[in-house]
Amino acid sequence: MSNNKMIEVQNLQKKFKNNTVLKDITEHVDKGQVICVIGPSGAGKSTFLRCLNCLEQPTSGKVFFEGNDLTKITDKQLNQLREKMGMVFQGFNLFPNMNVIENIKLAPMKVKNIPEKEAEETGMKLLEKVGLAEKAKQYPDQLSGGQKQRVAIARALAMNPEVMLFDEPTSALDPEMVDEVLTVMHDLADSGMTMVVVTHEMGFAHEVADQIWFMADGYIQETGKPDEFFAHPTSDRAKEFLKKILK
Amino acid sequence: MKCFKHWLMLIIIAFPILCAPVSAFAADKSSSSSSATDASQVAENASLQRIKQKGTLVVGTSADYPPYEFTTKENGKTKYVGFEVSLMRQFAKDIGVKLVIKNMDFDSLLVALETGKIDCIAGAMNITNERKKSVDFSNVYYTGDSYFLINKSDKDKLVNAKSFNGKTVGAQNGTLQSTMISKDMPQANGKGLAKLSSLVIGLQSHKYDGVLVDAATAKAYASNNSNLYAFDSKLPATAGGIALAFPKGDTSLVNAANQTIKKVNDENLINKKWLPESAQYMKSYKKQNTVLSYWRYFAKGLEYTLIITIVSVFFGFILGTLFALMRLSKNKLLHSIAVCYIEFLRGTPMMVQIMFVYFGIGAIIQSLPALLAGIIAVSLNSGAYVAEIIRSGIQSIPLGQTEAARSLGMDKNKAFRYVIMPQALKNIWPALGNELITLLKDSSLVSVIGVTELMFQTQLVQSATYKGVLPLFITMMIYFILTFTLSRILLYFEGRMKHVQ
Ligand SMILES: Nc1ncnc2c1ncn2[C@@H]1O[C@H](COP(=O)(O)OP(=O)(O)OP(=O)(O)O)[C@@H](O)[C@H]1O
Ligand SMILES: [Mg+2]
């Protein structure tokens, strides 16, 4: 169907000691696609996402990014490919000793050797895009959770990635701040960014995703368009899960 | 099992370190014993030849022992004087080489000779049978009785050796007099210290009731300090008089020394010329001999203390970072090496480490200067403590920081350098500051191997001025001003780092 696969996973398996978290996963993400990964807690969603940029080393199986098998390449090549895969964490992971703009321009300057002035300009543009231009000189401590997460998104975007990976970006936020982050992500999706989003926000998933991947017990149990999935889940695990969260 | 592995590592690492100097000593011994059997071939002994080729005669002495050897200042510089110094000048002149004097504690002299740090000892050293086992003596050039040095106020109470029964008597460690106390004065309570000047301070503060020293020295102290009094101990002389000590087997050098000594004895140079000269030094000195006039001594001491501190902090930090990273490394070998290093250096006294580096490593690398040895020891020691501080700092940074950095394409090094280390440094800044202040103070331990840092210089001033407490007080104030300033500076930076966040 598609020869523009951006990420492809084949027979992915991940064990922590005796605990097999990912059992056998084969899937792919096309360029421009927005995938939302949902599933019960402990299903292995975070682990799966972290295998995509090899923050976790898969136990077996293959992970391709733009045709390169990440499990076979050198560390140096892996670092270069990671530049193209932005990641946003549940806990923001901003650098607390740097202000907002320093957070954003550090990697472009140190990894891509972009001159400071240019990095700063791009950084400011991204801050405007996430609506935080006036916070450029503030430190992470001085920001609200929602603002922190938007800075984290801008920081990832500063490397000009081809794909963005989100791991429950709104679960650590107070309810009133969830929307500001989702809005930014929505805009990003609209601009054509390829995205893999682990989330518990079913409204967002329904609205934005091209495909829902439902994960449970170390497998992707079923995939489908949001309308179909939410209306007619096929697997028992998905039915059970949806019943629980819709209560 | 894991524990066992660690022990194994420790032994494997420690073994060559411990064996190296031992084998060096062993080699020394065997070569010296073989040359002893060749004593008939005196002419072929190379020791004199070696000194002549080298061009210098390095003499070890403990220069707080007037009128034998002591220091005076000339144009602000330390000058070694005393009749033994004059004798050594004569000897060096006779064999046509330059004289170099190394000042150290009396009880370090024999080790220094054994490890080749010095060529000869001129330290008012009496010939005894025990010493004969480890060194070769020259002929005798002076015989001195032993005198008691006491506080003048006790003059009526303490009149002979018996009156010290149940009292405390001090003597310099390793001297004939310290043996005499334990042998001939069993009822007295004998105590030893490395420095005669410290003993005299102890006497003045009534820690000791008397100090047993060589007659000439006792008289010198008494005539320079009106609160002190000296009298003949009348203890039986057990020793064969005072002579120069040489490494075993250096026969040609001993013979050359004996020629000089014969000339000196024939002309009675010591009694006629050199003793009066020494007395003159001590007298002319007395008038302008205030502690403050020795400010240059303190300045020099301060300079060396700062040099040792700054250089050691620099290398200590580098070593510390290295070992912290090794300890955190997944590589088991690197990890074990770091653990052994850290545990070993934290588990042994710094004083011992300093002496071990100087005498132990110095036995292999003969030309290792004391300052360098001191800096190496202090850096190594500090490295172990800094490593632990840095390790705790790195571990205090949440894993998410590394993951964020890696996800932005940074490699391990960049993530460490730009993200982890700056945050770790901020967290450990107070602990590092503490370590720096400790290091500054502990650098005073380097005085034991004769580095002219603040503590060593203080001891020089003490023995030169015959005053004990004031030089110590001045030194204490200098250390305090240094550490206080330092802690203010560190606080300022700590505040700035906080401000930034
Ligand atoms: N570093 C690790 N070491 C050992 N076990 C781990 C590690 N990371 C995750 N696990 C285990 O893997 C399983 C899946 O964890 P994962 O975080 O991937 O689940 P999740 O689907 O993201 O759950 P949640 O919705 O709670 O975030 C859990 O049982 C967890 O205990
Ligand atoms: Mg998770």
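The sequence lines fix the lettering, A, B, ..., with proteins before strands; numbering per chain opens at 1.
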Review point. Is chain B contacted by the side chain of Phe95(A), its backbone, both, or neither, given a heavy-atom distance below 4.5 Å?
Key: both
**Study point:** Side chains of Ser407(B) and Met85(A) in contact at under 4.5 Å (non-hydrogen atoms)
**Key:** no
Point to revise | Interatomic distance, Met87(A) atom CE to Leu408(B) atom CG [nearest 0.5 angstrom] | key: 11.0 Å
Check your understanding: Does atom CZ of Phe64(A) have more than 12 heavy-atom neighbours from other groups under 6.0 Å away?
Key -> yes
Could you give the side-chain donor-acceptor pairs of residues 106-118 of chain A under 3.5 Å, partners two or more places apart or in another chain?
{"from": "Lys112(A)", "atom 1": "NZ", "to": "Met159(A)", "atom 2": "O", "distance (Å)": "2.7"}
{"from": "Glu116(A)", "atom 1": "OE2", "to": "Lys105(A)", "atom 2": "NZ", "distance (Å)": "2.9"}

Check your understanding: So which bits of residues 70-81 of chain A come within less than 4.5 Å of chain B, counting non-hydrogen atoms only?
Key -> Asn79(A)
Review point. Do any of residues 380-404 of chain B have a heavy atom less than 4.5 Å from a heavy atom of chain A, and if so, which, in residue order?
Key: Gly400(B), Gln401(B), Glu403(B), Ala404(B)
Study note, to complete from the structure: Interatomic distance, OH@Tyr418(B) vs CE@Met98(A), rounded to 0.5 Å, equals 10.5 Å
**Study point:** CE/Met355(B): more than 12 non-hydrogen atoms of other groups inside 6.0 Å
**Key:** no
Exercise for review: Evaluate whether atom CZ of Phe16(A) has more than 12 neighbouring non-hydrogen atoms of other residues, nucleotides or ligands under 6.0 angstrom away.
Suggested key: yes
Check your understanding: Where along residues 47-56 of chain A does a heavy atom come under 4.5 Å of chain B, listed by residue number?
Key -> Arg50(A), Asn53(A), Leu55(A)
Exercise for review: Among Arg417(B), Lys414(B), Arg406(B), Lys412(B), single out the residue with the greatest number of heavy-atom pairs under 4.5 Å to chain A.
Suggested key: Arg406(B)
